[in-house]
Amino acid sequence: MTKRNTTLGEFIIENQDSFQYSSGELSKLINAIRLAAKVVNHEVNKAGLIDILGAAGDTNIQGEEQQKLDVFAHDKFIQTLTNREIVCGIASEEEDDFISINSNDERHQNKYVVLIDPLDGSSNIDVNVSVGTIFSVYRRVTPIGTPVTLEDFLQPGNKQVAAGYVVYGTSTMLVYTTGDGVNGFTLNPALGTFYLSHPDMKFPETGKIYSVNEGNYVHFHQGIKDYIKYCQQEEDDRPYTSRYIGSLVSDFHRNMIKGGIYMYPKTKITQSGKLRLLYECNPMAFIAEQANGIAIGGKTRIMDIEPTELHQRVPFFCGSRKMVEKLQEFLEKYQ
Ligand code: P6P
């Protein structure tokens, strides 16, 4: 077990051998994300003071109004990932299509593609609630040295080589996995250094927190309605506490530390669910499973879903194993 207060840079070097591919490239990739996270963190922390709040005047492919900080975060992550010549393509919530990098340069040997939600929960920015960045990393499946294709991005979550998130909260944390457990690093803003503060993070086997937007209750599948009522009954270790702040990264992070379940079912408005499979659900599912949690889309494991579209949405249920298993019991009653 790596000792606390190890810096992120030292941790990457100490654990390079556990990364199944070229360790140097992973180091460069995580270092690029670390740099972008520090730059975005600086802007998020002063968002109320400069003209970076509010809408950027455009809408993204989801039809959601782009916040200025959304666009800023997107630009910063694209810029830092592009400069580190290890990524051949990037897909972002803020871009309709994927971005091909060095596609005309036969010499490039870039092997990885990154999918990113640059600033998740951005509607919370103007009201000073935590937001986050989510990223997912795959090895390309098309020949190295050729332009990246959509096939390189439409890979199931079980092919991810790394995934993580940055939570810009009361403190800024970078939490990631490369398939060998989950580790959390807290930024010391005075030094600009991330320190290992949460080694080997694990979901508690069960918990007492359920996170769902109950404003959509009337549209939920009956099994989900029954599970919510189960959480509210006075029996055994219940009632549970309802905690939902409208920021996936923050709700997930709290539930991983304290024990809990996050649910975003399909609703009348979002028939396929709201969360995006490739750059929200898959990376969070990878982290959840590496932390002994579970992530499902209903009957199926999230990471086994074969993607069909870049911005595909799926229902998402994720958290402590026993809580997700209990939800599955309720869902199966109505198969
Ligand atoms: P609603 C933010 O837009 C997000 O993608 C997640 O971070 C969050 O959990 C969810 O959507 C909130 O959606 O419909 O409850 O406001």
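All values below were derived from every heavy atom in this structure, side-chain atoms included, with hydrogens, water molecules and symmetry-related copies excluded. In listed order, ligands and their atoms are each counted from 1.
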Ligand 1 to Ser123 polar contact by distance, N or O atoms, under 3.5 Å
no
Please work out which of the three classes, parallel, tilted or perpendicular, describes the rings of Tyr230 and Tyr240, given edges at 30° and 60°.
perpendicular
Hey, does Gly121 sit under 4.0 Å from ligand 1 if you only count heavy atoms?
yes
Give a yes or no answer on whether the side chain of Glu325 reaches the backbone of Ile294 with a donor-acceptor pair at less than 3.5 Å.
no
Judging by distance only, is a nitrogen or oxygen of Asp120 under 3.5 angstrom from one on ligand 1?
yes
What are the atoms of ligand 1, with element, lying closer than 4.0 Å to any heavy atom of Leu248?
6 (C), 7 (O), 8 (C), 9 (O)
Atom indices of ligand 1, in the order listed, that fall short of 4.0 Å to a heavy atom of Asn213:
1 (P), 14 (O), 15 (O)
At a 4.0 Å threshold, what atoms of ligand 1 neighbour a non-hydrogen atom of Arg276?
5 (O)
Classify the side-chain pair Glu10/Thr7 by whether it contains a donor and acceptor separated by less than 3.5 Å.
yes
Would you mind telling me if ligand 1 is within reach of the side chain of Leu275, the backbone, both or neither, using heavy atoms under 4.0 Å?
side chain
Once you round to the nearest 0.5 Å, how far does CG of Asp97 lie from CG of Leu150?
7.5 Å
Give the contacting part of Met263 toward ligand 1: side chain, backbone, both or neither, where contact means a heavy-atom distance below 4.0 Å.
neither
Pull out every atom of ligand 1 sitting under 4.0 Å from any heavy atom of Tyr244, numbered as shown with elements.
1 (P), 9 (O), 10 (C), 12 (C), 13 (O), 15 (O)
Quick note on ligand 1: atoms under 4.0 Å from a heavy atom of Glu280 include exactly 5 (O)
Just wondering, are more than 12 heavy atoms of other shown residues or ligands nearer than 6.0 Å to CG in Asn128?
no
Less than 3.5 Å apart, any donor N or O on the side chain of Asp226 or Gln222 sitting next to an acceptor on the other?
yes
Does the Arg140 side chain pair with the main chain of Pro143, one donor and one acceptor, at a distance under 3.5 Å?
yes
Please check if the side chain of Asp117 supplies one atom and the backbone of Glu93 the other of a donor-acceptor pair under 3.5 Å.
no
Quick one: does Asp251 get within less than 4.0 Å of ligand 1, heavy atoms only?
no
